[in-house]
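Input: a single structure, listed below in structure tokens.
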Amino acid sequence: MADMKLTKQSENYSEWYNQVILRSELADYAPVRGCMVVRPYGTALWENIQADLDARFKETGHVNAKFPLFIPMSFFEKEKEHVEGFSPELAVVTIGGGQELEEPLVVRPTSETVIGYMYAKWIESYRDLPVLINQWANVVRWEMRTRLFLRTMEFFWQEGHTAHATAEEAEEETLKILDVYTTFARDMAAVPVIPGLKSDSEKFAGAVRSYSIEAMMGDTKALQAGTSHNLGQNFAKAFEIDFVDENNTLQYCWTTSWGLSTRFIGAIIMTHGDDQGLVLPPRLAPTQVVIVPILRKEEDRAQVMEAVNRLFAELKAAGIRVKVDDRDNVSPGFKFNEWELRGVPLRFEIGPRDVESGTVMTARRDMPGKPGKKVMPQENVVQWTGDLLEEIQQAMYDKAVAFRDAHIFDPQDYAEFQQSVEDGWAFSWWCEDAACEEAIKQDTKATTRCIPLDQPQGEGVCIHCGRPARRKVYFARAY
RNA sequence: CGGGGCGUGGCUCAGCCCGGUUAGAGCGCGCGGUUCGGGAUCGCGAGGUCGGCGGUUCAAAUCCGCCCGCCCCGACCA
């Protein structure tokens with residue numbers, strides 16, 4: 001019985017995280033160390049994320065394509081910072097068909113290089129620009145320490161790769177996508193994020209500038225939930241992606257890349273989850289409403305199931321993702337706990353009492369226990385269910401914002417700063433010197449998360465060294 | 001790659017120190033009954049090369065050696 005209960009977040013957050021994922025059947029460990037199987041429930045969630053993001057990419061003019069899994073080793077050597085950044089984590093194929101290969105093939109850790117190679121072939125004139133391609137793919141990075149969803153050796157993501165005629169356009173694209181990610185996180189996942197610029201030490205290997213969206217998890221650690229890079233002309237020069245402009249002058253393209261991965265599922269889990277398990281935002285939840293019939297006597301069955309099936313059909317016809325749990329080998333109480341563990345936003349209980357009174361007992365996942373329970377009429381079920389789901393979506397976002405804001409501090413001196421990054425995040429002036437950043441990391445384990453696009457007025461002094469500082473930055477311990 | 005821990009039915013573990021009949025428990029699983037508004041209950045049942053290889057011994061889950069794998073903590077990371 002004791003092992004029916006989940007480890008509490010306050011007891012051991014990372015144990016809670018692992019248990020929630022395994023028990024809710026989002027994912028499981030694969031036979032290969034560091035790899036995971038995304039189970040049907042997790043895949044359904046990812047597909048909802050995909051569908052929404054994909055629509056947003058298309059709205060902003062992007063198209064999808066598929067590039068190969070294998071990349072010639074030599075491609076990685078063309079861009080100096082890129083190879084330095086990635087070589088420690090490459091998986092390399094050296095044998096094919098029983099023969100040693102002439103040139104080893106890298107299993108893609110990201111696709112800038114192959115895509116750059118292809119862009120060089122495809123782009124000739126300014127009339128070919130911009131090229132705005134996205135791909136949904138899996139990538140492999142050899143990792144020391146892995147965590148389900150947060151850091152696995154193989155992960156699933158989308159990677160966008162664009163090429164432009166001017167530096168301004170490339171920067172505009174980079175920021176446009178950062179905004180797509182920010183909006184998606186806020187409106188669909190109810191995950192508040194801070195969009196901002198990465199420090200030099202945190203930026204993508206080969207980028208001129210990297211931007212990210214940063215989210216606060218339930219243990220106050222930061223999670224980089226999506227990234228967008230302005231690659232300048234670095235890859236264009238390495239792969240000779242060039243074009244002739246209106247004046248017939250040969251120019252290098254300006255490229256960008258951006259990605260959001262299955263790690264985002266980790267963000268959803270740790271932003272909203274509670275001691276009961278997952279809490280999924282209605283807009284992304286694979287199942288939005290679960291109906292549990294309560295059958296006390298065999299004579300009740302027909303009437304109860306009639307009401308259950310009728311409401312199910314109405315909701316389904318209205319496009320609400322609804323499921324009836326009619327298993328007869330587990331008790332209603334067991335089902336309540338199980339669907340709570342799995343984060344379904346709304347639960348309906350329908351029993352003989354409801355049949356008699358024409359009602360439905362509803363329970364909100366985001367408000368555990370009595371406060372979240374309410375008796376509703378069977379009439380207008382589509383209307384009020386839709387309203388309730390939206391209310392839950394909004395309440396989840398508000399709660400996450402309140403939690404985050406309560407854990408962001410503005411320390412006045414370095415002693416306070418050290419306490420701040422123990423209790424949450426510090427939002428502080430920083431001199432932007434890498435040495436200072438490193439010293440802070442050594443002292444506190446906190447790193448710069450991002451320099452937010454929204455900056456306060458004025459100037460200050462660096463929280464660590466006291467030198468003049470132009471911008472404020474978020475410092476936090478991060479996943 | 002350094003430090004620590006662990007490998008026994010699907011899962012969590014007991015048994016090992018001190019070798020000795022058919023290797024146990026709880027949970028889960030299957031069948032049947034009574035149940036069902038917050039993790040029901042009773043009965044019957046299926047399921048194990050004790051991580052692998054070698055050694056010691058009349059006898060090894062238990063003692064010894066080697067190997068493999070996993071987990072946790074540190075240096076790198078979407």
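Numbered from 1 within each chain, the chains take letters A, B, ... in sequence-line order.
- In this structure, Gly259(A) reaches neither bases nor backbone, as no heavy-atom distance under 4.0 Å exists between it and the strands shown.
- Between G39(B) and U35(B), the distance separating the two C1' atoms is 15 Å to the nearest Å.
- Listed nucleotides: G74(B), G39(B), A78(B). Nearest to the side chain of Lys445(A): G74(B).
- By the ring pair (Phe, Tyr, Trp, His ring centres under 6.0 Å) test, Tyr13(A) is found to be paired with Trp16(A), residues two or more places apart in sequence or in another chain being considered.
- Going from atom CH2 of Trp339(A) over to atom C1' of G39(B) covers 15 Å, rounded to whole Å.
- Side chains of Tyr211(A) and Glu171(A): a donor-acceptor N/O pair is present below 3.5 angstrom, by distance only.
- Across all strands shown, G74(B) forms a Watson-Crick or G-U wobble pair, both distances under 3.5 Å, with C1(B).
- The interatomic distance linking Gln442(A) (CD) with A75(B) (P) rounds to 8 Å, in whole Å.
- In this structure, Ser261(A) reaches the bases: a heavy-atom distance under 4.0 Å links it to at least one base atom across the strands shown.
- Among the heavy atoms of the strands, none lies under 4.0 Å from Leu260(A).
- If you check G38(B), A78(B), G37(B) against the side chain of Arg347(A), the one that comes closest is G38(B).
- Pairing for G28(B) is absent, judged as Watson-Crick or G-U wobble with the two contacts each under 3.5 Å.
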Would you list the atom pairs, donor with acceptor, under 3.5 Å between side chains in residues 284-296 of chain A and any protein atom, with sequence neighbours excluded?
from, atom 1, to, atom 2, distance (Å)
Gln288(A), OE1, Arg321(A), N, 2.8
Gln288(A), NE2, Pro282(A), O, 2.9

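- Side-chain atoms of Phe334(A) lie closest to G39(B) of the nucleotides C36(B), A78(B), G39(B).
- When heavy atoms are screened at a 4.0 angstrom cut-off, Pro352(A) is found touching base atoms of the nucleic acid.
- Comparing the P positions of U21(B) and C13(B) gives a spacing of 27 Å, expressed to the nearest Å.
- Between the side chains of Thr256(A) and Thr162(A), at least one donor-acceptor pair of N or O atoms lies under 3.5 Å.
- One C1' atom belongs to G30(B), the other to G9(B), and the distance between them is 15 Å to the nearest Å.
- A donor N or O paired with an acceptor N or O is found under 3.5 Å between the base of G38(B) and the side-chain atoms of Glu340(A).
- Along RNA chain B, the nucleotide nearest to Ala478(A) and the one nearest to Gly351(A) differ in position, and the one closer to the 5' end is contacted by Gly351(A).
- Taking every side-chain heavy atom of Pro332(A) into account, G37(B) is the closest of G37(B), A78(B), G38(B).
- G55(B) and C18(B) have their P atoms separated by 24 Å, with the value rounded to a whole Å.
- The distance between atom NZ of Lys221(A) and atom C1' of A78(B), rounded to the nearest whole Å, is 16 Å.
- Atoms CZ (Arg353(A)) and C1' (C36(B)) sit 12 Å apart, rounded to a whole Å.
- Sorted by residue number, the members of residues 356-374 of chain A with any non-hydrogen atom under 4.0 Å from RNA chain B read Met361(A), Lys373(A).
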List the atom pairs, with distances to 0.1 Å, where a side-chain N or O of residues 139-147 of chain A and a protein N or O form a donor-acceptor pair under 3.5 Å, not counting sequence neighbours.
from, atom 1, to, atom 2, distance (Å)
Arg141(A), NE, Pro109(A), O, 2.7
Arg141(A), NH2, Pro109(A), O, 2.7

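- Per the geometry, CZ belonging to Phe156(A) stands 19 Å off P belonging to A78(B), to the nearest Å.
- Distance Leu148(A) CG to A78(B) P: 19 Å, rounded to the nearest Å.
- The side-chain contact (heavy atoms from CB on, under 4.5 Å) search around Pro88(A) returns none, not counting sequence neighbours.
- A side-chain hydrogen bond (donor to acceptor under 3.5 Å, both in side chains) check over residues 177-193 of chain A, counting only residues at least two apart or in different chains, returns the pairs Gln158(A)-Tyr181(A).
- The partner of U34(B), taking Watson-Crick or G-U wobble pairs whose two distances both stay under 3.5 Å, is A40(B).
- Contacts between residues 293-303 of chain A and RNA chain B, defined by a heavy-atom separation under 4.0 Å, are made by Ile294(A), Leu295(A), Arg296(A).
- A close approach under 4.0 Å does not occur between any side-chain nitrogen or oxygen of Ser331(A) and OP1 or OP2 of C36(B).
- Looking at residues two or more places apart in sequence or on another chain, you find a side-chain hydrogen bond (donor to acceptor under 3.5 Å, both in side chains) between Thr447(A) and Arg449(A).
- Straight-line distance between the C1' atoms of G20(B) and C67(B): roughly 29 Å, to the nearest whole Å.
- Atoms CG (Asp328(A)) and C1' (C36(B)) sit 11 Å apart, rounded to a whole Å.
- Taking the six-membered ring for Trp and thresholds of 30 and 60 degrees, Phe264(A) and Phe184(A) have ring planes inclined between 30 and 60 degrees apart.
- Among residue pairs with one or both ends in residues 44-57 of chain A, those qualifying as salt bridge (Lys or Arg N to Asp or Glu O under 4.0 Å) are Asp52(A)-Arg56(A), Asp54(A)-Lys58(A); sequence neighbours excluded.
- If you check U21(B) for Watson-Crick or wobble pairing at under 3.5 angstrom, you find it has no partner at all.
- Using cut-offs of 30° and 60° on the angle between ring planes, the pair Trp136(A) and Phe57(A) is tilted.
- Here the P atom of nucleotide U35(B) and the NZ atom of Lys335(A) are 17 Å apart, to the nearest Å.
- Every residue two or more places apart in sequence or in another chain that forms a side-chain hydrogen bond (donor to acceptor under 3.5 Å, both in side chains) with Asp433(A) is listed here: Arg467(A).
- The aromatic ring of Phe155(A) stacks onto the base of A78(B), its centre lying under 5.5 Å from the centre of the six-membered base ring with the two planes under 30° apart.
- Across all strands shown, Thr152(A) has heavy atoms under 4.0 Å from base atoms, whether or not it also approaches the sugar-phosphate.
- Among A78(B), G39(B), G37(B), the nucleotide with an atom closest to any side-chain atom of Glu349(A) is G37(B).
- If you check the side chains of Glu15(A) and Thr7(A), you find no donor sitting under 3.5 Å from an acceptor.
- Here Pro88(A) lies out of heavy-atom contact (under 4.0 Å) with every strand.
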Could you run down the sub-3.5 Å N/O contacts of the protein with nucleotides 70-73 of chain B?
from, atom 1, to, atom 2, distance (Å)
C73(B), OP2, Arg145(A), NH2, 2.0

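- With a 3.5 Å ceiling on both atom-pair distances, U49(B) lacks any Watson-Crick or G-U wobble partner.
- Looking at heavy-atom distances under 4.0 Å, Arg327(A) makes no contact with the nucleic acid at all.
- Ring-plane geometry between Phe204(A) and His229(A) is classed as parallel, the angle between the planes falling under 30 degrees on a 0 to 90 degree scale with a further cut at 60.
- With sequence neighbours excluded, no residue satisfies side-chain hydrogen bond (donor to acceptor under 3.5 Å, both in side chains) with Asp326(A).
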